[in-house]
Amino acid sequence: MSKQAFVALVTCFNDDETINYEATRAQVRRQVDAGNNIMCAGTNGDFSALTFEEKVRLTEEVVDEVGGRVKVIVNAGMPATFETLKLSREFDRIGVDGIAVITPFFIACTQDGLIRHFSTIADAVETPVYLYDIPARTQNHIEPETARTLSRHGNIAGIKDSGGAKETLEAYLEVARDVEGFEVYSGPDHLVLWALQNGAAGCISGLGNAMPTVLASIMIAFNSGDIAEAERQQAIYSAFRTDLYALGFAPAMVKRALYLQDASVGASRQPALLPNKTQDAQIEEILRRYKLL
């Protein structure tokens with residue numbers, strides 16, 4: 001079965017911070033043309049700064065623009081099971097290919113609490129549900145044994161691992177080897193090829209917003225059996241990641257790099273992510289080095 005790349009798509013904003021849906025559609029087309037699938041309303045999509053209504057419309061716009069050409073996963077995760085459930089039902093109605101559910105944030109959860117949370121969502125929708133683990137941002141981690149328990153739920157299809165540690169990713173992959181139909185998607189950009197070689201179903205990458213063709217090339221080369229080319233493309237991707245992420249918060253750097261490539265994407269809604277002329281000059285130099293400007 002072919003491995004698949006998803007890009008955790010940015011959400012584009014106007015100068016007044018309203019969503020620029022046309023610019024977002026343009027970014028969807030750019031990713032589809034490169035051969036990448038789409039994840040929307042995720043960490044790189046400023047999901048924590050979007051309203052309920054905006055998430056619903058954003059998903060409708062993305063699904064409409066994709067038109068069935070690639071797969072669309074959307075993140076429904078919020079701190080409360082109640083709102084996560086409401087969003088998931090809306091996304092189920094819209095007809096996405098998967099509903100990702102980031103672990104609740106701000107509130108400390110027990111593993112039993114996480115099992116109840118994710119199971120409640122999966123029980124309520126027909127669309128396959130994907131667990132989304134990113135403990136550095138949510139302070140809640142899906143332990144591998146918890147993932148194993150949830151993997152047996154008939155409507156929980158897999159997990160996106162954005163923890164960044166090979167050990168955790170390997171533990172999730174062990175679950176996938178034991179439970180048929182449970183898929184693991186790698187989030188860390190430097191582990192795309194490693195994850196594929198160790199049994200991952202694919203990746204969900206934020207960096208692909210700024211470098212879509214290289215991400216797609218890793219997947220194409222791996223699927224065709226050209227590991228040398230996959231390694232070459234991964235080396236480029238990893239080096240770009242190292243250079244760009246050294247400058248600040250990773251999603252902010254990706255959005256700013258994309259903005260410097262195409263200003264129609266707008267700035268971020270997050271309050272701490274302010275433009276910085278020195279940093280912009282550094283990002284532009286990196287983009288030129290990788291022939292992205």
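Residues take their numbers from the sequence shown, with the count starting at 1. These figures come from a predicted structure and were not determined experimentally.
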Any salt bridge linking [X] with [Y]? Criterion: basic side-chain nitrogen under 4.0 Å from a carboxylate oxygen.
X	Y	result
E61	R57	yes
R256	E284	no
D243	R289	yes
E229	R232	yes
E60	R93	yes

Linking I/L/V/M/F/W/Y whenever any side-chain heavy atoms sit under 4.5 Å apart, do L207 and L9 land together?
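In one cluster: no.
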
Flag, side chain of [X] to backbone of [Y], donor-acceptor distance under 3.5 Å:
X	Y	result
N155	T127	yes
Q139	C109	no
N37	V72	no
T168	G164	no
R69	E65	yes
N44	A8	no
N75	I102	yes
E17	N14	no

Please examine the side chains of [Y] and [X], heavy atoms only from C-beta on, and report whether any two atoms are closer than 4.5 Å.
X	Y	result
L50	L58	yes
T103	P135	no
C40	T11	no
Y185	C203	no
K71	F6	yes
V129	H153	no
Q4	M219	no
V175	F182	yes

Step by step, work out the side chain to side chain donor-acceptor pair (under 3.5 Å) result for Y132 and K160.
CA-CA 5 Å; Y132 180 0; K160 179 196 177 191; 3.2 Å; yes

As a quick check of understanding, evaluate side chain to side chain donor-acceptor pair (under 3.5 Å) for D262 and S264, giving each step before the final call.
CA-CA 5 Å; D262 179 358; S264 73; 2.8 Å; yes

Can you tell me how far [atom2] of [Y] sits from [atom1] of [X], rounded to the nearest 0.5 angstrom?
X	Y	atom1	atom2	answer
L191	S238	CG	OG	8.0 Å
M211	Y290	CE	OH	7.0 Å
T146	L114	OG1	CG	6.5 Å

Determine whether D112 and T110 satisfy the following criterion, side chain to side chain donor-acceptor pair (under 3.5 Å), listing intermediate values before the conclusion.
CA-CA 5 Å; D112 285 345; T110 65; 5.4 Å; no

Within 45 degrees of the axis of the six-membered ring of F47 and under 6.0 Å from its centre: does K55 put its NZ or CZ there?
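Negative - K55 is either too far from the ring of F47 or too far off its axis.
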
